[in-house]
S.K.: 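Sending over a structure as structure tokens; questions will come in a sec.
Every chain is numbered from 1, with letters handed out A, B, ... down the list of sequences. Keep in mind the model is a prediction, meaning the values are calculated, not measured.
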Protein chains: 2
Amino acid sequence: MKDDVDIVLFLERLGRMLKNDTHADGLKPSQWDALRYLARANRFSRTPSALTAYFGMTKGTVSQTLKALERKGLIAKTHDPLDRRNIRLSLTKAGSALLKRDPASAIRKIAGSMAKDQQAELVAGLNALLQLTLEDRGSKSFGVCKTCRYFEEKTASRASQRCKLLDVSLSVQDSELICVENITL
Amino acid sequence: MKDDVDIVLFLERLGRMLKNDTHADGLKPSQWDALRYLARANRFSRTPSALTAYFGMTKGTVSQTLKALERKGLIAKTHDPLDRRNIRLSLTKAGSALLKRDPASAIRKIAGSMAKDQQAELVAGLNALLQLTLEDRGSKSFGVCKTCRYFEEKTASRASQRCKLLDVSLSVQDSELICVENITL
DNA sequence: CCTATTTGTTTCGTGTCGATACCAATTGGG
DNA sequence: CCCAATTGGTATCGACACGAAACAAATAGG
């Protein structure tokens with residue numbers, strides 16, 4: 001019954017240190033999280049609801065965070081012309097510039113100093129745990145676009161890569177970013 | 001320059017999900033954290049300042065969290081008679097009982113369902129990263145008492161286990177709990 | 001059309017958290 | 001021995017986090 005090592009203790013403590021690091025530059029941890037996400041998500045996935053699903057927060061909370069970021073001039077909101085309920089988010093120049101000073105880089109750098117094979121094992125383990133957790137709560141996995149079943153490679157007969165689900169062509173950049181619609185199988 | 005996998009993304013997301021889980025039973029995530037810590041710390045380490053160091057928060061924040069837990073009847077505070085500046089914290093019966101319904105157990109259980117060797121690799125990786133991070137910011141490691149250099153085994157000539165640093169005898173329980181003073185080397 | 005659903009926003013109450021000022025107990029140097 | 005300096009905690013402030021619930025606007029689907 002008594003766990004010798006409790007994984008929750010590690011996640012909790014590392015998560016808290018990561019969070020405590022990210023109180024810099026007048027931004028709060030959640031605001032850094034959102035900024036980081038927007039930098040890595042493709043254009044279909046830079047919306048408030050995608051952010052909501054990605055971090056498992058409520059839409060009210062996300063709305064507040066985005067409002068703060070917009071007020072600070074770090075992100076911009078535009079209505080999707082095709083469905084005016086959707087808000088498209090994007091980093092402003094200031095937002096991109098600020099991300100270069102991401103305080104989380106401290107931990108990123110420390111992780112990078114670990115032995116390569118241990119890094120790989122750690123990432124594999126974290127990923128497995130994350131996938132199981134997402135599965136457990138029926139959430140989407142948010143993989144990278146080009147790993148998706150709906151991703152269609154560029155061929156001789158097709159001018160560019162495409163998303164078969166949304167029926168649009170994809171830039172190389174888009175296909176390497178995080179996508180809400182990602183379905184790995 | 002471009003990281004294929006960013007460990008911060010995993011820690012951030014898993015940490016956030018863990019945190020979002022722990023809004024149950026009228027307690028906030030930090031309050032669960034504190035409760036969990038108090039259940040695993042030995043008697044020298046159940047103080048506000050130990051908690052402060054363990055989670056890397058400020059003492060003001062910790063003070064607030066503990067005030068809330070005391071108000072809810074989950075912990076008790078007593079002055080150390082030897083140094084009346086020190087506050088000794090302890091879980092009340094209600095606190096211990098509540099911990100049995102720790103919402104973080106969901107993730108704990110999911111982690112338990114992973115392959116044993118992958119679990120071991122994950123924990124080893126998390127621990128390595130944590131140690132490096134702590135080292136980087138000059139914090140204490142907070143290991144388990146009996147792994148400490150100041151720990152003295154029970155022998156034929158000594159009635160019980162001892163802590164050579166604080167010069168006190170230790171119960172078996174104490175020696176298996178987290179200690180602020182732990183110095184592994 | 002006219003309701004139901006989807007997507008976001010607003011408001012509210014409790015709590016977090018760093019910063020700062022503060023207080024009481026202890027320690028230590030002259 | 002005494003008066004700073006230090007140590008361990010608390011109080012207050014302001015910005016924000018967060019779930020919950022009420023709301024608004026656009027779209028979907030009979």
S.K.: Is there a side-chain polar atom (N or O) of A/Asn86 under 4.0 Å from OP1 or OP2 of C/dG8?
M.R.: yes

S.K.: Tell me whether the OP1 or OP2 atom of C/dT9 has a side-chain N or O from A/Ser63 closer than 4.0 Å.
M.R.: yes

S.K.: Rounded to whole angstrom units, what separation is found between the NE2 atom of B/His23 and the P atom of C/dG13?
M.R.: 18 Å

S.K.: Check this for me: does any side-chain nitrogen of one of B/Asp80 and B/Arg85 sit under 4.0 Å from a carboxylate oxygen of the other?
M.R.: no

S.K.: Atom CD of B/Gln64 to atom P of C/dG15: distance rounded to whole Å?
M.R.: 11 Å

S.K.: With axes from five pairs an end, tell me the bend angle of the helix from C/dC1-D/dG30 to C/dG30-D/dC1, nearest 10°.
M.R.: 10°

S.K.: Do B/Arg13 and A/Tyr54 form a cation-pi contact, if we require the NZ or CZ to be under 6.0 Å from the six-membered ring centre and within 45 degrees of the ring's axis?
M.R.: yes

S.K.: Enumerate donor-acceptor pairs with a distance under 3.5 Å from any side-chain N or O in residues 109-130 of chain B to protein atoms, sequence neighbours excluded.
M.R.:
unit_1: B/Ser113; atom_1: OG; unit_2: B/Ile110; atom_2: O; d: 2.6
unit_1: B/Gln119; atom_1: NE2; unit_2: B/Ala111; atom_2: O; d: 3.3
unit_1: B/Gln119; atom_1: NE2; unit_2: B/Gly112; atom_2: O; d: 3.1
unit_1: B/Gln119; atom_1: NE2; unit_2: B/Met114; atom_2: O; d: 2.9
unit_1: B/Asn127; atom_1: OD1; unit_2: B/Gln131; atom_2: NE2; d: 3.3

S.K.: I need the residues from residues 67-85 of chain A with at least one non-hydrogen atom less than 4.0 Å from DNA chain C; give them sorted by number, or say none.
M.R.: A/Lys67, A/Lys77, A/Arg85

S.K.: Looking at DNA chain D, which of residues 90-100 of chain B put a heavy atom within less than 4.0 Å of it?
M.R.: none

S.K.: Quick check for you: name the first and last nucleotides of DNA chain D, 5' to 3', having an atom under 4.0 Å from a heavy atom of chain A.
M.R.: D/dC16 to D/dT27

S.K.: Is A/Asn20 close enough to C/dG18 that one of its side-chain N or O atoms is under 4.0 Å from OP1 or OP2 there?
M.R.: yes

S.K.: Could you tell me how far apart A/Arg16 (CZ) and C/dG18 (C1') are, to the nearest whole angstrom?
M.R.: 14 Å

S.K.: List, one per line, each side-chain donor-acceptor pair under 3.5 Å for residues 67-75 of chain A, sequence neighbours excluded.
M.R.:
unit_1: A/Lys72; atom_1: NZ; unit_2: A/Gly26; atom_2: O; d: 3.0
unit_1: A/Lys72; atom_1: NZ; unit_2: A/Gln31; atom_2: OE1; d: 3.1

